[in-house]
2 protein chains.
Amino acid sequence: MTGIEDVAVATGVSTATVSRALRGLAGVSAGTRARVLSAAQELGYVPSSAASGLASGRTMAMGVLLPLIERWYFSAVLEGVDRQLRAAGYDLIVFSLGGTGVNRERVFHRSILRKRIDALLVMCMELTEDEHLALSELESPTIVVGGSVQGVRHVGIDDGAAVRDAVEHLISLGHTRIGHVRGGGAFGLYFEVPRIREESYLATMAAHGLPLWDDWSVFGDFRFGEAKIAVKRMLSTVDERPTALFCSSDEMAFGALMAASELGISVPGELSIVGIDDHEFAGPMGLTTVRQVPEEQGAFAADLLLRELEGALPVLNPPTQPHELIQRASTGPAPR
Amino acid sequence: MTGIEDVAVATGVSTATVSRALRGLAGVSAGTRARVLSAAQELGYVPSSAASGLASGRTMAMGVLLPLIERWYFSAVLEGVDRQLRAAGYDLIVFSLGGTGVNRERVFHRSILRKRIDALLVMCMELTEDEHLALSELESPTIVVGGSVQGVRHVGIDDGAAVRDAVEHLISLGHTRIGHVRGGGAFGLYFEVPRIREESYLATMAAHGLPLWDDWSVFGDFRFGEAKIAVKRMLSTVDERPTALFCSSDEMAFGALMAASELGISVPGELSIVGIDDHEFAGPMGLTTVRQVPEEQGAFAADLLLRELEGALPVLNPPTQPHELIQRASTGPAPR
DNA sequence: TTGAAAGCGCTAACAG
DNA sequence: CTGTTAGCGCTTTCAA
């Protein structure tokens, strides 16, 4: 492996000068810098991150802690984070819990605290006090994306308002019998989003004096398949059907759409369906939904952290990210 | 930050002994080990990965290079890789090209070669000669997952055979007019899968002496939306419709399903549709498809690399991963 | 503008 | 079984 020493020898300067030149620091003459650069290029020199990390205390890497990788929202946020990191020359280290909470402590202590990262982005989780403490000792800037949590700064949409917009859209179409397809906190950890969305659905219904039937609330676990089964069962067994369904995610709304189609229930004629997300499939499926753009949320949060690493003052109250009702073919006036 | 020295002082031993005890090396008395462990625990000591990486030459991290994160196959493989790494105490570093090839060289040189990783898993790409060379100098074990490439060891299904199984399934149902919804190499880089699948479709049709119409081959870019539009246009403008469609991915097959539904073409009565993947939605949508399990592929490849890092001999010809035709409701006998 | 030298925090021989 | 001693390859004062 060619090291900084080789470049120094080749250029006839000290390693200190090579280091300065390569990092673009001031105080290197243009000539020297050029010679260093070309020598480095020629020799194929790439600095060792371990060595520079150890010496400088900066790893040039950012960590993302998430419950699971392969879920639309999570991987989309990751994509946005990665975009910014790539532009800034940072590496992305992914700490996934793999869908369960059991490894959480190990992941946290064995991986996150190893000083491998300069900053941490936490997705959709509430940190425990221990974790908070450990992080603050690390002095790495931290931020939470998705599923706001009290007392921690957070980037994301106003979930409560987004749900309200969805439900009130149904109400404005004359619906009064509105069911809910709920998401799950099946991760065995604090996962805020499903709770917030359910609460806002209930609050909105109450605010409009609309009836809540237990039968109309089914559990779809944020999944197409689960939601389809649950909605199909509900629609085919309930005494009186709802005329509309608010789904806590688009993937569950697709399941509801499918359930209705298999039961021969016309959408939106007999049943209106609204989701949240604006998933890639929502447009082609004609699903009315509330759009959020996770990629932008991830990019925004990553940028915030990146700027702090460059010395900017922490943004304590990041602006709420936008959401927007997108009307498509799956919602219409209440029957009769 | 508490360092190894603090633990040593607290225990009354040398840092070398602490290091040995903590890593579970032989040659430490049970009593000493216990005292070291409890002191480390008490002090909340976590080794610095930069320091141990520099000293030992092992980073305890694995890199994954991929074209894009947010795509079913890629994030599913990532999930499988992560599962194994987590179990082995390794960290996962993600190098994404973000959907384009433009940053490829920078990603490669500035990130991958920084000695931040002990091994590299490359997803669905052919490496250039330069890249190969650079990697071999690094001496990190490397493997490719998905989209086999000549001369490089590779973990994945036999794409040719999988396509053949899908197309021959249609043929066995009496179909002779079989169209193709193609995926894209829209990544601006060597991306093998779409090409392999197309070639196998063509070869299978030829082997059975079946006609190929240009009109029946449409480009869906591996996306629901694109595929839906392309298929809908094709079905509504072509002189003679195909009676079956082979789609190079499930997501495109969903688009085809949607297109048929919007045109009032019954599936499988008038049109049979088969995909490849067994995407999470395929079951609930009743899509006949060829199943592959990317998560297992990723886990398998990661394991291979992990074992080599522990000194095992390289597996030069990893076994082909299984695929399986799953018959569901979207395929049936050819009309008439 | 440049160089010398002292670490960064750990691991790995080599002794004892 | 344990300690001593060198580094790993950079960055960063401090002098020149």
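Hydrogens, waters and symmetry mates play no part in the numbers below; they use all other heavy atoms, side chains included. In what follows, every chain begins at residue 1, and chains take the letters A, B, ... in the order their sequences are listed.
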**Report entry** Distance in angstrom units between A:Tyr45 OH and D:dT11 P, rounded
**Finding:** 6 Å
Query raised in the report: Are A:Arg71 and A:Ser75 close enough that a side-chain donor and a side-chain acceptor fall under 3.5 Å?
Result: no
Report task. Could you tell me the separation between the CZ atom of A:Arg35 and the P atom of C:dT2, rounded to a whole number of Å? Result -> 8 Å
Query raised in the report: Atom CG of B:Leu113 and atom C1' of D:dG9: how far apart are they, to the nearest Å?
Result: 16 Å
Report summary line: Sorted by position of nearest nucleotide on DNA chain D, 5' first, the leading residue of B:Ala51 and B:Val13 is B:Val13
Query raised in the report: Which sits closer to the 5' end of DNA chain C, B:Val18 or A:Thr32, going by the nucleotide each is nearest to?
Result: A:Thr32
Report task. May I ask you to say what A:Gly3 touches in the nucleic acid, namely base, sugar-phosphate or nothing, with a heavy-atom cut-off under 4.0 Å? Result -> sugar-phosphate
Report summary line: Residue pair B:Arg20/B:Leu54 against DNA chain C: nearer the 5' end by closest nucleotide is B:Leu54
Query raised in the report: Rounded to the Å, how far apart are A:Lys115 NZ and C:dC10 P?
Result: 6 Å
Query raised in the report: Quick one: on DNA chain D, does A:Ser19 or B:Ser14 contact a more 5' nucleotide (nearest heavy atom)?
Result: B:Ser14
Query raised in the report: Under 3.5 Å, is there a donor-acceptor pair linking the side chains of B:Gln292 and B:Gln297?
Result: yes
Query raised in the report: Expressed in angstrom and rounded to an integer, what is the separation of B:Ile4 atom CD1 from D:dT5 atom P?
Result: 17 Å
